[in-house]
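One structure below.
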Amino acid sequence: MSITLTALHIYPVKSCRGIDVSQARLTATGLEHDREWMIVTPVGRFVTQREEPRLALINTWLDDEGLQLEFPGTGELFIPHNSRGEATTATVWNDLCGAFDMSSAAADLLAAFLGTPHRLVR
C-alpha cells in the first residue's frame, strides 16, 4: 500500500481559515500549531463554523514570533507564541480542558466581528 500526500493544511484557530504549508512538524499532540487556539462563548464552550459560519472569514498567519489574525472589516491582532494569558477552562464537546484566555483585545475584536461576545483561548 502506498500513500500520496497531495496537500497539507494547518488550522491554528479551530474553525478559522487555514494555512497551506509545504511541511509541518509532528509533535506529541499532532501537527505543530494546528488547532492550538479556539474561539469560545463567554462561558467557555467551544464554537465551530456550524454555529458561526463567519469564522471561516478570519485569516490566520504564523511566523516565528506568533499568530496573526485578521478580522475582515474589524481589525488585526497579533498573539506572541509565548503568550499565556489568564488561566481558564474551556469545554470541547463533553470534555473540560485547561486553557489560557488570550486577551480582552481579542475578545473585543471577536465581539465586533461576530456581533456577540466571544473569547479566544489557547
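One is the number of the first residue; the rest follow in order along the sequence. Not measured: the values here are computed from a predicted model.
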His81 and His33, any side-chain heavy atoms less than 4.5 Å apart: yes
Using distance only, find each side-chain donor-acceptor pair of residues 104-118 under 3.5 Å and give its atom names and separation, not counting sequence neighbours.
{"residue": "Thr116", "atom": "OG1", "partner": "His118", "partner atom": "ND1", "Å": "3.4"}
{"residue": "His118", "atom": "ND1", "partner": "Thr116", "partner atom": "O", "Å": "3.0"}

Glu51 side chain near Arg45 side chain, heavy-atom distance below 4.5 Å: yes
Minimum heavy-atom distance Thr91-Trp93, with the two atoms named: CG2-O, 3.3 Å
Heavy-atom donor-acceptor pair, Thr60 side chain to Arg17 backbone, under 3.5 Å: yes
Within one Ile-Leu-Val-Met-Phe-Trp-Tyr cluster: Tyr11 and Ile39, side-chain cutoff 4.5 Å: no
Transitive ILVMFWY side-chain link Val40 to Trp37, under 4.5 Å: no
Glu65, CD atom: more than 12 neighbouring heavy atoms under 6.0 Å: no
Minimum side-chain heavy-atom gap Leu77-Gln68 below 4.5 Å: no
From Ser15 atom OG to Leu55 atom CG, the distance as rounded to the nearest 0.5 Å: 6.0 Å
Spacing of Trp61 atom CH2 and Ile19 atom CD1 [to the nearest 0.5 Å]: 9.0 Å
Side-chain heavy-atom pair Thr41, Val47 within 4.5 angstrom cut-off: yes
Min side-chain heavy-atom separation Arg122-Met38 under 4.5 Å: no
Nearest-0.5 Å distance that lies between atom CG in Leu120 and atom CZ in Phe100: 13.5 Å
Glu86 and Arg119 ion-paired at < 4.0 Å: no
Residues in side chain to side chain contact (heavy atoms under 4.5 Å, CB included) contact with Ser83, at least two apart in sequence or another chain: Ile79, Pro80, Met102
same_hphob_cluster(Leu69, Phe78) at 4.5 Å side-chain heavy-atom cutoff: no
4.5 Å side-chain heavy-atom contact, Leu31 and Arg25: no
Verify same cluster id: Ile58, Val21 (apolar side-chain graph, 4.5 Å): yes
From Thr88 atom OG1 to Asp101 atom CG, the distance as rounded to the nearest 0.5 Å: 6.5 Å
pair Asp34-Thr29: side-chain heavy atoms closer than 4.5 Å: no
Side chain to side chain contact (heavy atoms under 4.5 Å, CB included) between Val13 and Leu67, intermediate numbers included: CA-CA 9 Å; Val13 181; Leu67 169 71; 3.9 Å; yes
Arg50, CZ atom: more than 12 neighbouring heavy atoms under 6.0 Å: no
same_hphob_cluster(Leu8, Leu26) at 4.5 Å side-chain heavy-atom cutoff: yes
Non-hydrogen side-chain atoms of Ile3 and Leu5 separated by less than 4.5 Å: no
